[in-house]
Amino acid sequence: MTPPKAPDPQDGTTPSAALSCADAPTITTIKRRADFLRAARADKQGTKSMLVQGRIRAPGEPVIRLGFTCSKKVGNAVARNRAKRRLRAAAREVVAELGRPGWDYVLIGKRDVTAERPYDALKSDLAYALHQLHGRAE
RNA sequence: GCGGAGGGCCGGACGGUCGCUCCGGUCGGGGAAACCUGGCCGGGGAGGAAAGUCCGGACUCCCCGAAGCAACGGUGCCGGGUAACGCCCGGGCAGGGCAACCUGACGGAAAGCGCCACAGAGAACAGACCACCGCCGGUUCGCCGGCGGCCAGGGUGAAACGGUGGGGUAAGAGCCCACCGGGGCGGUGGCAACACGGCCCGCAUGGCAAGCCCCACCGGGAGCAAUGCCGCAUAGGGACCCCGCGCGGGCUGAUCCUUUCGGGGAUAUCGCCGCAGGGCCGCUUCGGCCCGAGGGGUCCGGGUUGGCAGCAGGAGCCGGAUCGCGAGGUCCGGCCAAGAUGAAUGAUCGUCUGGGGCGGGUCCGCCCGCCCGACACAGAAUCCGGCUUACAGGCCCUCCGCGCGA
RNA sequence: GCGGGCAUGGUGAAAUGGUAUCACACGAGCCUUCCAAGCUCUUGGUGCGGGUUCGAUUCCCGCUGCCCGCU
């Protein structure tokens, strides 16, 4: 990583909020198996509809990384894809608000529940899990 | 109206809000450039099975020589369709169904080998055994012995050397007759599978080939994680084992010796050429290739995250005409229709219907009210043609049987 | 995605097309003061659905589940 031009978001409160998206942490996805395995060794919090793993990867970086995974226990390909899509949709809303920069989060779907739970409950499950993980990390 | 058979099709619609991916356009930001990155606008974005990966191809790489033979694997009534098929269409035969129609790995068992447990006299060579009949002899009269007949019968068994009926006979038997079945010969129809009828033969020859096999036909191997290019990294590796390092030419390119600098000589070593030799191409013949002083094997060490192409215009889709019973063929016109890679095509809300549930009415065809509200199987991964399997609900066409009415 | 293999008692393994066998485990009994070991006996099975055959664990077809490989 050689960020020569990054505007240094060390100061959490940038008063010039005209471009508010500039200081928000960028969100990327985890694609490498090794990253998933590292997250699996970190702290985890289960909820009714999902299991969330979170670890502090690089405290200084303004990047949140998200991973989504569903094993074959969740069901066939349709069920697995649907579960991951709902997790992605919920994470896009919740993590943008509550996620902490420099963290990796991995969301793991559960059979039937992830696909059928009401959307608001899905989001509150994720928010609860993030609070728990952040609380334990301090 | 009830019940059934076959074929085809659909498998939600519309609209907000927020998103994903690809393509095109446009406007920026960074950078010397290649290029990287962002906003906006427009457009495309799962299936009938995308599935299972069971067949057949296209396309790549490897092997790539020709002919014959062999091995291995597959297919298996006949004809046609097709790029090809184990698929499809038409026909035949067999079985099932009152019928529409359905089902069928459906070549060969007098080419050969093998198997047929248990039971049973006997399980594939057909005769032996028991029993039966006649005559003779004996007889404690229950039967026994000899000769002849050798056919029917013999609890069984999946299967028993034709079946049923009659005549015939001492008793019987294709011994004789009728029908059925079987075999042979030639005839007619059909491209053929096969069908039909005729004559002859009283008539010897089970089943299993999804057992080996025979016959006919087909078939190189691997697969897009193929393959090619770029980038990065490591390295021109190490250890051990096996086989081998033959002959000739100095050939001057090294090397060495010598030199009067023109050259001359040597051949141990490196290199070169030729031969012997070795190996490979399934086998043979012809032929070819490689090694030729190195080759082969095992292990260790290192690398493998990436980018682009392959990769979306094809045996393509739609419509029409025409040929064909049909599968399908030919011609004309129009269209371009996903391209991801921890893997997009979504999340959520609303309005509708298809439906579903509850209650009531009913002339029982149906009508009214309220509620739920899209919900089956299932997600492209190089691409096609098939097969198989899964599937809520619905629509259309044709046909059959029974009942009622005209 | 592509390719390959396997399925037999609770577990691990055998079975020319002809009664499914063996070991351990489980249960009961004998032995022992008791336990263990030993001995005897019993229970229990061909993954599912079809087909060929008189007869299928075996042969054929289709599903289901599990395992392995790819650079």
Side-chain angles (χ1 to χ4, degrees):
Chain A
M1 284 297 284
T2 58
K5 56 110 184 171
D8 254 10
Q10 252 101 323
D11 300 341
T13 59
T14 44
S16 64
L19 300 176
S20 63
C21 59
D23 64 337
T26 56
I27 297 178
T28 60
T29 55
I30 298 173
K31 296 187 176 181
R32 295 183 53 184
R33 177 168 174 77
D35 291 331
F36 280 91
L37 294 177
R38 268 191 283 274
R41 284 195 298 268
D43 194 14
K44 64 200 72 170
Q45 176 62 45
T47 69
K48 189 168 179 58
S49 58
M50 72 188 80
L51 179 73
V52 181
Q53 299 165 338
R55 69 182 259 267
I56 306 170
R57 183 190 71 257
E61 290 182 10
V63 176
I64 298 177
R65 299 201 306 177
L66 286 174
F68 307 90
T69 188
C70 288
S71 74
K72 279 199 172 177
K73 271 190 281 186
V74 174
N76 58 19
V78 174
R80 293 198 300 272
N81 285 341
R82 179 169 171 79
K84 281 192 278 189
R85 284 164 184 155
R86 296 198 73 201
L87 288 178
R88 250 195 293 275
R92 196 169 54 82
E93 293 187 47
V94 176
V95 173
E97 214 171 320
L98 300 175
R100 295 192 175 178
W103 279 60
D104 276 6
Y105 303 102
V106 171
L107 280 63
I108 301 173
K110 287 187 172 181
R111 184 180 185 88
D112 300 333
V113 186
T114 304
E116 290 167 3
R117 191 158 169 82
Y119 188 61
D120 288 338
L122 198 70
K123 286 196 290 186
S124 57
D125 282 348
L126 177 57
Y128 168 77
L130 293 182
H131 278 302
Q132 292 290 318
L133 290 171
H134 294 159
R136 279 201 290 269
E138 285 163 2

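Letters A, B, ... are given to chains in the order of the sequence lines, protein chains preceding strands, and every chain is numbered from 1.
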From A/D104 atom CG to A/R57 atom CZ, the distance as rounded to the nearest 0.5 Å: 4.5 Å
Roughly how far, to the nearest 0.5 Å, is the CG atom of A/D125 from the CD atom of A/Q45? 10.0 Å
Taking for each residue the nucleotide of RNA chain B bearing the nearest heavy atom, is the 5' side occupied by A/P118 or by A/I30? A/I30
With RNA chain B as reference, determine whether A/R92 or A/K31 sits nearer its 5' end, using the nearest nucleotide of each. A/R92
For B/A337, is chi within 90° of 0 (syn) or not (anti)? syn
What is the distance, rounded to the nearest whole Å, between atom CD of A/E97 and atom P of B/C18? 17 Å
Rounding to the closest angstrom, what is the interatomic distance between [N] and [M] at atom [atom1]?
N: B/A226; M: B/C240; atom1: C1'; answer: 36 Å
N: B/G223; M: B/C115; atom1: P; answer: 42 Å
N: B/C366; M: B/C335; atom1: C1'; answer: 49 Å
N: B/A94; M: B/G108; atom1: P; answer: 15 Å

Look at the side chain of A/T69 and the base of B/G342, then say whether one donor and one acceptor between them are separated by less than 3.5 Å. yes
Could you pull out the closest heavy-atom pair between A/K84 and A/C70, with the gap in Å? CG-SG, 3.7 Å
Minimum heavy-atom separation for A/A42 to A/G54, with atom names? CB-O, 3.4 Å
It should be established whether A/R88 places a side-chain nitrogen or oxygen under 4.0 Å from OP1 or OP2 of nucleotide B/A343. yes
Which base, if any, makes a Watson-Crick or G-U wobble pair with [N], both distances under 3.5 Å?
N: B/G90; value: B/C78
N: B/G237; value: B/C300
N: B/C125; value: none
N: B/C283; value: B/G68
N: B/G231; value: none
N: C/C2; value: C/G69
N: B/A158; value: none
N: B/C14; value: B/G350

Given protein heavy atoms under 4.0 Å, the one-letter contact record of nucleotides 371-383 of chain B, with B base, S sugar-phosphate only and - none, is simply -------BB----
Going by side chain to side chain donor-acceptor pair (under 3.5 Å), A/D43 matches just one of A/H134, A/Q53, A/R136. Which one? A/R136
Look at the side-chain heavy atoms of Ile, Leu, Val, Met, Phe, Trp and Tyr, link any pair under 4.5 Å apart, and say whether A/V63 and A/I56 land in one connected group. no
B/G342 base stacked by A/F36 (centroids within less than 5.5 Å, tilt under 30°): yes
